[in-house]
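Report on the structure given below.
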Amino acid sequence: MAFDKEMQIILKGVEEIVPKEELLKKLEKSEKTGKPLRIKYGIDPTGSEVHIGHLVPIRKMREFQDLGHIGVIIIGDFTAQIGDPTGKDESRPPLTADQVNANAERYMEQLYTVLDPEKTEVRWQSEWFGKMGLDDVLKMLGKFTLAQFLAHDTFRRRYESGTPLGMHEIMYPVLQGYDSVAIDADIELGATEQKFNILTGRDMQRYFGMEEQIAVLSPILMGTDGVNKMSKSLNNYIAVFDTPKDKYGKTMSIPDDLIINYFNYATLLSVEEIQAIDAELKSGSNPKFIKQRLAREIVKMYHGEEEAKKAEEEFNAVFSQGKIPTDIPEFTFTENEMDILSLLSETELCTSGGEARRMIKQGAVSLDGNKIASKDEIIKLEGEMILKVGKRRFAKLIKG
RNA sequence: GGAGAGGUUCCCGAGUGGUCAAAGGGAACAGACUGUAAAUCUGUCGGCGGACGCCUUCGAAGGUUCAAAUCCUUCCCUCUCCA
């Protein structure tokens with residue numbers, strides 16, 4: 001087969017391709033006409049942080065780019081004001097246009113850590129939706145029936161459980177589908193939960209007499225808690241803008257049985273390398289070291305070898321040997337002595353006096369390694385001292 | 001438009017005049033333990049002051065009462081059934 005190599009790259013780490021047999025035709029056509037395929041991926045700039053779960057399909061886009069195709073990023077400035085209802089059980093408060101603009105810029109910055117800017121086209125939904133009149137919208141909506149949408153699990157569940165479901169939310173797949181018409185997409189990337197929306201794009205293209213796009217669906221990356229999918233609202237994510245130290249630490253906190261999953265979807269290692277790691281893991285070698293390799297790989301992707309090594313050393317020092325991290329906030333005091341409660345609130349190690357007292361009572365507070373026994377303790381400030389709360393909160397006190 | 005149900009602390013969810021800062025679960029945080037920021041166990045979990053107390057909180061605004069999350073009035077929002 002002519003496209004063996006291409007198919008192998010495209011299929012790697014992909015959960016599902018619908019419909020698979022059309023993909024080969026697209027590739028053949030592209031080769032014959034010399035016209036690159038247009039690979040669509042839509043983002044809703046509802047926040048400004050991208051996490052590595054988002055990047056799974058983005059990395060796929062990069063692979064398409066490396067094969068010579070064009071990546072088209074849709075900035076969903078209209079859909080962002082709706083909030084994607086699929087895969088969610090609750091409405092999201094709409095955003096203002098200003099927030100959307102601000103988010104979009106920061107978003108792209110993070111995507112370019114993976115994408116090839118030369119082969120990336122960025123398009124805004126407002127380019128086409130901004131010009132539409134109500135008649136266009138009605139025509140578009142008339143192509144679908146309510147039953148089609150209620151057949152979708154998310155909508156049905158929301159409806160049946162009595163959770164509010166706004167009319168505008170039902171519009172979401174329609175808008176996303178029309179994007180594919182507007183940019184003439186050949187392939188749309190997304191996580192598996194996007195299947196419905198992406199297939200709506202096929203319907204839409206068909207209604208407009210166009211060739212239908214193909215859905216290339218990536219698996220959903222599990223969050224660091226190992227229970228839910230990676231998501232901002234659940235705070236179980238590793239962000240592109242996280243510090244190397246945080247990326248490393250968060251990776252180390254994932255459950256052991258997620259290790260291979262992360263290797264597959266969050267690193268650039270080849271299938272063979274990952275198979276070797278899997279074998280090693282199954283042979284009973286200490287998962288900690290394999291997880292450290294994973295953490296190193298992830299940090300390396302975004303910050304380079306050097307930073308990865310540093311993050312690992314730091315992690316070992318702080319968590320394995322109980323040492324103090326290197327980059328801790330410093331506070332200079334001119335007073336000769338202060339009571340411990342004031343110190344804890346001034347350094348923002350504790351958010352309230354009540355919390356500070358609680359932490360002391362629980363034996364969580366120490367100064368230069370000596371446990372603080374009483375909330376009435378007066379600290380003599382001299383030179384540099386390290387104040388510590390729990391395992392992860394530190395402050396350096398400097399006598400000014 | 002008609003008839004019902006409901007909006008509680010970060011989330012879910014009990015509570016229907018004082019004993020409620022408000023059960024229980026989840027999340028989070030801390031301690032012990034561990035190869036780990038995993039798992040498990042224990043504890044904490046509105047703010048201020050050493051408990052007693054005070055302040056802020058139960059959709060919003062008023063009102064009744066010595067006293068309200070709990071009663072009344074108006075308003076906002078959600079769901080169900082009927083049309």
Side-chain angles (χ1 to χ4, degrees), chain A residues 85 88-94 155-169 222-239 242-262 280-281 283-299 311-325 328 339-342 344-345 348-366 369-378 387-394:
Chain A
K88 282 199 194 62
D89 294 332
E90 245 178 84
S91 304
R92 175 193 299 191
F155 288 130
R156 196 183 50 241
R157 202 173 44 229
R158 287 255 303 265
Y159 183 68
E160 284 175 356
S161 70
T163 314
L165 176 59
M167 296 285 287
H168 66 300
E169 294 184 88
M222 291 295 280
T224 53
D225 56 7
V227 180
N228 296 105
K229 67 169 191 164
M230 186 172 283
S231 118
K232 258 178 279 188
S233 49
L234 293 171
N235 197 27
N236 61 0
Y237 64 96
I238 300 174
D242 271 342
T243 62
K245 197 177 100 185
D246 278 342
K247 283 198 186 79
Y248 194 96
K250 286 179 181 181
T251 305
M252 289 306 286
S253 78
I254 66 169
D256 290 350
D257 53 19
L258 227 53
I259 293 177
I260 291 301
N261 186 290
Y262 267 53
E280 195 183 334
L281 199 58
S283 75
S285 63
N286 192 335
K288 185 200 172 189
F289 299 116
I290 294 175
K291 210 195 289 188
Q292 288 198 305
R293 162 108 195 257
L294 172 67
R296 235 169 24 234
E297 288 295 338
I298 289 176
V299 176
E312 179 158 295
E313 281 161 17
E314 177 101 356
F315 182 87
N316 284 334
V318 175
F319 294 105
S320 301
Q321 295 156 44
K323 287 185 187 152
I324 297 142
I328 57 180
D339 63 286
I340 185 66
L341 290 178
S342 309
L344 287 171
S345 63
E348 290 170 350
L349 255 36
C350 293
T351 54
S352 71
E355 191 194 4
R357 264 184 288 277
R358 224 177 290 135
M359 290 300 144
I360 293 170
K361 203 154 97 193
Q362 293 183 144
V365 181
S366 68
N370 303 313
K371 203 166 272 187
I372 302 289
S374 153
K375 58 189 124 202
D376 302 318
E377 207 154 307
I378 303 293
L387 186 61
K388 182 183 170 199
V389 177
K391 283 177 208 148
R392 294 159 64 186
R393 282 179 258 171
F394 295 88

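First the proteins, then the strands, lettered A, B, ... as listed; each starts at 1. These values consider heavy atoms only, across backbone and side chains, with no hydrogens, waters or symmetry-generated copies.
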[X] [atom1] - [N] [atom2] separation (whole Å):
X        : N      : atom1 : atom2 : result
A/Tyr159 : B/rC79 : OH    : P     : 10 Å
A/Ile360 : B/rC29 : CD1   : C1'   : 15 Å
A/Leu349 : B/rC29 : CG    : P     : 14 Å
A/Asn236 : B/rA37 : CG    : C1'   : 14 Å
A/Ile254 : B/rA39 : CD1   : P     : 12 Å
A/Lys288 : B/rU36 : NZ    : P     : 6 Å
A/Glu355 : B/rG31 : CD    : P     : 12 Å
A/Leu294 : B/rU36 : CG    : P     : 17 Å

Now, which nucleotide makes the Watson-Crick or G-U wobble pair with [N], with each of the two distances under 3.5 Å?
N      : answer
B/rC66 : B/rG18
B/rA28 : B/rU44
B/rA3  : B/rU80
B/rA60 : B/rU74

[N] to [M] separation - [atom1] atoms, rounded to the nearest Å:
N      : M      : atom1 : answer
B/rC71 : B/rG17 : P     : 8 Å
B/rG2  : B/rU65 : C1'   : 36 Å
B/rA60 : B/rG6  : C1'   : 16 Å
B/rA22 : B/rC54 : P     : 14 Å
B/rA23 : B/rU16 : P     : 14 Å
B/rA61 : B/rA69 : P     : 13 Å
B/rG4  : B/rG13 : C1'   : 22 Å
B/rA38 : B/rG46 : P     : 23 Å

query: Which part of the nucleic acid, if any, lies within contact of A/Lys391, taking any heavy atom under 4.0 Å across all strands shown: a base, the sugar-phosphate backbone alone, or nothing?
result: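 Base contact.
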Taking all non-hydrogen atoms of both residues, which atom of [X] and which atom of [Y] are closest, and how far apart?
X        : Y        : answer
A/Leu165 : A/Phe155 : CD1-CD2, 3.7 Å
A/Ala311 : A/Tyr248 : CB-CB, 3.9 Å
A/Val318 : A/Ile324 : CG2-C, 4.1 Å
A/Tyr262 : A/Met230 : OH-CE, 3.3 Å

- prompt: Do any N or O atoms from the side chain of A/Glu355 and from the backbone of A/Thr351 form a donor-acceptor pair under 3.5 angstrom?
  reply: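 Present.
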message: Assuming nearest nucleotide by heavy-atom distance, tell me which of A/Lys375 and A/Val365 is located more 5' along RNA chain B.
response: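 Of the two residues, A/Val365 wins.
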- prompt: Which comes earlier along RNA chain B counting from the 5' end, the contact point of A/Asp225 or that of A/Gly353, where each point is its nearest nucleotide?
  reply: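 The residue mapped nearer the 5' terminus is A/Asp225.
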Taking only the side-chain nitrogens and oxygens of [X], find out if one of them lies under 4.0 Å from OP1 or OP2 of [N].
X        : N      : result
A/Arg357 : B/rG47 : no
A/Ser253 : B/rU36 : no
A/Ser352 : B/rC48 : yes

Taking the side chain of [X] as its heavy atoms from C-beta onward, which of [options] lies nearest to it?
X        : options                : result
A/Met359 : B/rG35, B/rU44, B/rA30 : B/rA30
A/Phe315 : B/rG35, B/rG43, B/rU36 : B/rU36
A/Arg392 : B/rC29, B/rA38, B/rU36 : B/rC29
A/Phe319 : B/rU36, B/rC79, B/rG35 : B/rU36
A/Pro164 : B/rG35, B/rG50, B/rC79 : B/rC79

query: When only distance counts, do a donor and an acceptor, one from the side chain of A/Asn316 and one from the base of B/rG35, lie under 3.5 Å apart?
result: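 Check fails, no donor-acceptor contact within cut-off.
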message: With a 3.5 Å cut-off and heavy atoms only, can you find an N or O donor on one side and an acceptor on the other between the side chain of A/Gln362 and the base of B/rG43?
response: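 It does, because a donor-acceptor pair links the side chain of A/Gln362 to the base of B/rG43 below 3.5 Å.
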task: May I ask you to decide whether A/Arg158 forms a salt bridge with A/Glu169, counting only side-chain N to carboxylate O separations under 4.0 Å?
output: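 Yes, A/Arg158 and A/Glu169 are salt-bridged.
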message: I want to check a possible cation-pi pair here: A/Lys391 against A/Phe319, using under 6.0 Å from ring centre and within 45° of the ring axis as the test.
response: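 No, a cation-pi geometry is absent between A/Lys391 and A/Phe319.
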